[in-house]
Protein chains: 2
Amino acid sequence: MNDPLASLPGYVLRRASAAALAGLNRRLTPLGLRHVDASLLLVVHARPGITQSEAGRQLDIQRANMVPIVARLEARGLLDRRRADGRSQGLYLSEEGEVVCAGVRDAVDTHERLLFEALPIKLRGHALDVLTALWQAAEAVDG
Amino acid sequence: MNDPLASLPGYVLRRASAAALAGLNRRLTPLGLRHVDASLLLVVHARPGITQSEAGRQLDIQRANMVPIVARLEARGLLDRRRADGRSQGLYLSEEGEVVCAGVRDAVDTHERLLFEALPIKLRGHALDVLTALWQAAEAVDG
DNA sequence: CGTGAATGTTATGATAGATAGCTTTTTCCG
DNA sequence: CGGAAAAAGCTATCTATCATAACATTCACG
C-alpha cells in the first residue's frame, strides 16, 4: 500500500467519522437539521427539562456554542425554554419538536443500521466495543 | 444509562474521532502545525512529486481547499512546488520539510501508540480492522 | 453575609469543508 | 489536425464547528 496513513488507527478513525457524518447530514437535510441539532433534540427528548449547560456537557459542546444552537431550534419552534431557576433554563421539546425528533430517530436509526450492515459480519460484534474503548482512550490520553 | 447516544456507533465514532483529533492537534502545536498539514507532509514524504490534486484526492480534501494548505506550508518553507506539466505541479518536501516531517512522525507515532495502549488488550487486535471496515462502510453507504 | 462558582450571553477568531466559476493546459476522438 | 471534454490550479464566498475571553446575574456554601 502506498498510503502511509491507512495503517494509523487515528487517521482511519477520522476518515470513518467524517464519511459517516457526511452521510448522516445528508440524511438529515430533508428535516432542515444538522447532526448537532439532531443530537440535541435526542438528548432533550431523553431528558426533558435538562439544562442548556448540562446538555452541552453531555454533548461536549461549550456553553458559548450552545447559544446559537438552542436559539436556532427555538426559533424554528422545535424547542422551548423555561426558566429553571434564576440563572439556568430547562429545555423541552415542543409538540412540533417531538414530531421532528421522531423523524430524527428514524433518520439516525436508518443511518446506523445501514452502517452496521455494511460491516463484515464477524466485525459487527466488536464495533461498538472498539469505538467506546477508543472514545475513552482518546479522552484519557489527552485528558 | 441516561445517554441515548452512547449506544449509537455513529455517534461514538464521532466523539472518539473528535477526542483523538484534539489530542493529536495538541501534540502538533509545538511544531506549529495542524493535523491537516501533518497528513499532507506525510503523504508528500511517502510520494515525493505527488500532484497537489492527487494528494487532495488521497486525503479527501477538495482542490479548492488544498490551495491555502499548500500555500501555507510553502510559505513556511516546508514544501516545494515544481511544475510537473503545464497545469499540474508536483509537491516535494524541502530540507526543513523533511526535518519537520520527522517530528510529525514522532508526534503521530506517539499519539497512535498511546491511543492503542489505552485500549483494553483484547480489543487491540480488532481496532484497526473495525475502523477500516467502518471507513469503507461509511463511504459505501453514502456513496 | 460575602466570596466563589455556575449559567447564559456577547463578541471574536481560527479551522474545516462545500460550491461555483474562471483560466490554462492536456487528452482524446472524429 | 482541430475542437470538445476533462483536468489542474486558483479565486471568492459561504457555512459549520470549535475555541477563548469577558461580562452580568444568580446561586451555593462556609
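Because only heavy atoms are used, hydrogens play no part in the values below, and waters and symmetry mates are left out as well, while side chains stay in.
- Counting any heavy atom pair closer than 4.0 Å across all strands shown, B:Ala22 reaches no nucleic acid atom.
- Of the candidates C:dG8, D:dT11, D:dA8, the closest approach to any side-chain atom of B:Ser88 belongs to D:dA8.
- The side-chain heavy atoms of B:Arg72 and B:Ile69, taken from C-beta on, include a pair separated by under 4.5 Å.
- Residue B:Leu79 contributes atom CG, which lies 12 Å from atom P of D:dG9 at whole-angstrom precision.
- The ring pair (Phe, Tyr, Trp, His ring centres under 6.0 Å) search around A:His45 returns none, not counting sequence neighbours.
- Using a 4.5 Å heavy-atom cutoff, the side chains of A:Glu98 and A:Pro48 are not in contact.
- We find that CG of A:Leu21 is positioned 12 Å from C1' of C:dA16, with the value rounded to whole Å.
- Comparing D:dA6, D:dC10, C:dG8 by their nearest atom to the side chain of B:Arg87 picks out D:dA6.
- Applying the 4.0 Å criterion to OP1 and OP2 of D:dC10, one finds that B:Arg63 has every side-chain N and O outside that range.
- An OP1 or OP2 oxygen of D:dC18 is reached within less than 4.0 angstrom by no side-chain nitrogen or oxygen of B:Arg34.
- The nearest heavy atom of DNA chain D to A:Gly86 and to A:Asp37 marks one nucleotide each, and the one closer to the 5' end goes with A:Asp37.
- Remark: A:His35 is in phosphate contact with D:dT17, judged by side-chain N or O atoms under 4.0 Å from OP1 or OP2.
- Here A:Ser53 reaches the OP1 or OP2 of C:dG8: one of its side-chain N or O atoms lies under 4.0 Å away.
- In this model, the phosphate group of C:dA18 is approached by a side-chain N or O of B:Gln62 to a distance below 4.0 Å at OP1 or OP2.
- In this structure, B:Asp60 atom CG and C:dA16 atom P are separated by 14 Å, rounded to whole Å.
- Looking at B:Asp85, its side chain has no donor and acceptor atom pair within 3.5 Å of the base of D:dA8.
- Taking atom CZ of residue A:Arg72 and atom P of nucleotide D:dT17, one finds them 7 Å apart after rounding to whole Å.
- Residue B:Arg82 contributes atom CZ, which lies 19 Å from atom C1' of D:dA8 at whole-angstrom precision.
- Rounded to an integer number of Å, the gap from A:Leu28 CG to D:dT17 P is 11 Å.
- When rounded to the nearest whole Å, the span between CD of B:Glu54 and P of D:dA7 equals 12 Å.
- Spacing between atom CZ of B:Arg14 and atom P of C:dG17 amounts to 14 Å, rounded to whole angstrom units.
- Two residues are said to be in side-chain contact when any heavy atoms from C-beta on lie closer than 4.5 Å; B:Leu114 and B:Arg27 meet this criterion.
- Contact annotation for B:Ala64: base contact, defined as any heavy-atom pair under 4.0 Å involving a base atom.
- Within the 4.0 Å cut-off from OP1 or OP2 of D:dA19, not a single side-chain nitrogen or oxygen of B:Arg26 is found.
- Residue A:Arg124 qualifies as enclosed at atom CZ: its count of foreign heavy atoms under 6.0 Å is above 12.
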